[in-house]
Protein chains: 2
Amino acid sequence: MVKKSISSEKRILEGAKKIFHEKGLEGSRMQEIADEAGINKALLHYYFRNKENLFNAVFREALQEIFTKLFQIAGTDIAFEQKIRLIFHDYIGFLQQNSYIPGFILSEMRQDPDKLARIMKSANISPSALYAKMKESVSNESIGEMDYRNFIINLLSLCIFPFAARPLLQIIFDFTDEGYDDFLEKRKNELPEFFMNAIR
Amino acid sequence: MVKKSISSEKRILEGAKKIFHEKGLEGSRMQEIADEAGINKALLHYYFRNKENLFNAVFREALQEIFTKLFQIAGTDIAFEQKIRLIFHDYIGFLQQNSYIPGFILSEMRQDPDKLARIMKSANISPSALYAKMKESVSNESIGEMDYRNFIINLLSLCIFPFAARPLLQIIFDFTDEGYDDFLEKRKNELPEFFMNAIR
DNA sequence: GTCTATATGGCGATAGAC
DNA sequence: GTCTATCGCCATATAGAC
């Protein structure tokens, strides 16, 4: 019974991920998630009691993934310029593998800032720890008189925005889906030079 | 009667703007919009027939604003570096005055890329014209071997992302609302140097 | 744990008086 | 053009059999 139980819960979470990522909290239907998971609608409530709990589990996981990856790369013990290269390569690589995450988080965080802060806490994401680690990995380097927060925000902007704004950018530049994937792949190699030039 | 009619339609659009910007298509209620506009729910349908029509009017306007401003600045006939400074100053200034737009567009565009393309057409936003104008305003300058699409995307990333990701960034860096406003104001002045360094 | 059946409420939309 | 009243549907959530 335990095995069966775990399996159902897992399938529900997988289904919920797919549907919520695509349509958001308000746009998703419990029936749709049940269908996706191949189980009955009532079982969703058995495991998660209500829609919001289920959504929060999915949202929390997305936040964990996007920050864990950033922590991991930012914590690597290598020279500054190498770390910049690593971030652009590995973090964008991560986003290529999880391309739904930026849009999902940016969309779903909007409704309630307090809830966002609460979920980040429950996900054991410590803003101050992230803050410290990023500052530390930057502070001893020559980023001139630049505010280190701008440093980080610029880095994140250049990585994340092309994923969040993808539908619009594809229309503007007339990219096919494949064409945009190729473009992003090449972009990974152009960004380190752009960024290293910028901060010297 | 004509005066009254125009007034009602306008108030509906204003109310719809406020509610849709805040809660999106799925999260907004027609009743809420009617309350906001100070009129009856049935009148919404009298003027716009259904929810989607009303939403599309609001969405179209947001797209028009964000692109019109970009066209306008990109079309100014001044030297390259001055134009870069102008874009960062004026475009971010525009976003400061319309801070809901980035999040609203990035969130609501996700559901249906075809609909997005259709609305951009109906808003007389010509991707190819934008494409051409931006390329033209860049192509004769020394942006090295950089792909001009990356040039534009980097510019937009640095301007727009801090607005779209604001709730998260405020938590990470422990900004108050006012503190973040001040930060953005200073950021406007740091970005031109960052960007000009980057592309040389 | 998993299902079918159903309660309950809310929302978009319309009818129809004024 | 503007309102009140209401329809009809659909989504979340629960009851209860197995």
Side-chain angles (χ1 to χ4, degrees), chain A residues 1-61 104 107-108 110-112 115 118-119, chain B residues 1-61 104 107-108 110-112 115 118-119:
Chain A
M1 291 310 119
V2 176
K3 286 246 171 105
K4 196 79 174 294
S5 162
I6 291 176
S7 169
S8 279
E9 190 168 349
K10 220 167 188 160
R11 283 165 67 189
I12 290 172
L13 274 172
E14 286 306 307
K17 254 173 84 165
K18 177 158 178 209
I19 302 299
F20 280 138
H21 286 160
E22 205 176 310
K23 313 195 174 183
L25 171 60
E26 305 270 13
S28 300
R29 300 292 154 243
M30 294 295 265
Q31 182 62 59
E32 220 176 345
I33 294 172
D35 293 346
E36 183 69 33
I39 49 91
N40 189 276
K41 197 174 49 157
L43 217 53
L44 300 183
H45 291 88
Y46 175 80
Y47 279 104
F48 292 90
R49 205 174 83 247
N50 59 38
K51 190 184 183 183
E52 202 186 337
N53 279 351
L54 181 53
F55 175 81
N56 287 349
V58 173
F59 189 54
R60 181 180 300 115
E61 191 185 341
F104 175 64
S107 295
E108 299 302 320
R110 298 179 66 225
Q111 207 57 351
D112 186 347
K115 184 185 160 190
R118 204 174 341 113
I119 291 185
Chain B
M1 293 311 120
V2 176
K3 285 242 172 109
K4 196 78 176 295
S5 161
I6 290 177
S7 169
S8 279
E9 190 169 350
K10 222 168 187 160
R11 284 165 64 190
I12 290 172
L13 273 173
E14 286 307 307
K17 253 173 86 164
K18 176 157 179 211
I19 302 299
F20 279 139
H21 286 160
E22 204 176 309
K23 313 195 174 184
L25 170 61
E26 306 268 13
S28 299
R29 301 290 155 244
M30 294 296 266
Q31 183 61 58
E32 219 176 346
I33 293 172
D35 293 346
E36 183 69 33
I39 49 90
N40 191 276
K41 196 173 56 155
L43 217 52
L44 300 184
H45 291 89
Y46 175 79
Y47 280 104
F48 292 90
R49 204 175 83 248
N50 59 39
K51 191 183 183 184
E52 201 185 338
N53 279 352
L54 181 52
F55 175 82
N56 287 349
V58 173
F59 189 55
R60 182 181 299 113
E61 192 186 341
F104 175 65
S107 295
E108 299 303 318
R110 297 179 66 224
Q111 207 56 347
D112 187 347
K115 183 185 160 190
R118 206 176 337 115
I119 292 186

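Below, chains carry the letters A, B, ... as their sequence lines are ordered, and counting in each starts from 1.
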message: Using whole Å, what does the distance between atom P of nucleotide C/dG10 and atom CD of B/Gln31 come to?
response: 12 Å
message: Quick check on C/dT14: is either OP1 or OP2 less than 4.0 Å from any side-chain nitrogen or oxygen of B/His45?
response: no
message: Applying ring-ring contact (aromatic ring centres under 6.0 Å, His included), can you list everything that pairs with A/His21, at least two apart in sequence or on another chain?
response: A/Tyr100, A/Phe104
task: Measure from the side chain of B/Arg29, starting at C-beta and using heavy atoms only, and say which of D/dG1, C/dG12, C/dG1 lies closest.
output: C/dG12
- line: Atom OH of A/Tyr47 and atom C1' of D/dT14 are separated, to the nearest Å, by 18 Å
- prompt: Roughly how many Å is it from CG in A/Asn50 to C1' in C/dG9, rounded to a whole number?
  reply: 16 Å
- prompt: Does CD belonging to B/Glu52 count more than 12 external heavy atoms closer than 6.0 Å?
  reply: no
Show the distances under 3.5 angstrom between N or O atoms of the protein and N or O atoms of nucleotides 3-7 of chain C.
from: C/dC3; atom 1: OP2; to: A/Asn40; atom 2: N; distance (Å): 3.1
from: C/dT4; atom 1: OP2; to: A/Asn40; atom 2: ND2; distance (Å): 2.9

task: May I have the distance from A/Arg49 (atom CZ) to D/dA15 (atom P), rounded to whole angstrom?
output: 14 Å
- prompt: Taking the side chain as C-beta and beyond, is there a heavy-atom pair between B/Lys51 and B/Phe20 under 4.5 Å?
  reply: yes
- request: Rounded to the nearest angstrom, tell me the gap between atom CD in A/Glu32 and atom C1' in D/dT12.
  value: 14 Å
A/Phe48/A/Leu13 under side chain to side chain contact (heavy atoms under 4.5 Å, CB included): CA gap, chis, key distance, verdict: CA-CA 10 Å; A/Phe48 292 90; A/Leu13 274 172; 3.8 Å; yes
task: Give a yes or no on whether a salt bridge exists between A/Lys23 and B/Glu26, defined as a side-chain N under 4.0 angstrom from a carboxylate O.
output: no
- line: Between A/Ser8 and A/Leu43 the two heavy atoms that sit nearest each other are OG-CD2, 4.2 Å
task: Could I get the full list of side-chain contact (heavy atoms from CB on, under 4.5 Å) partners for A/Arg118, not counting sequence neighbours?
output: A/Asp112, A/Lys115
statement: Regarding the side chain of A/Tyr46, the nearest nucleotide among D/dT2, D/dA13, C/dG1 is C/dG1
query: Given atom NZ of A/Lys51 and atom C1' of D/dA13, what is their separation to the nearest angstrom?
result: 12 Å
query: Taking CG from A/Leu44 and P from D/dA15, how many angstroms apart are they, rounded to a whole number?
result: 17 Å
- prompt: Can you tell me how far P of C/dT14 sits from CZ of B/Phe48, to the nearest Å?
  reply: 16 Å
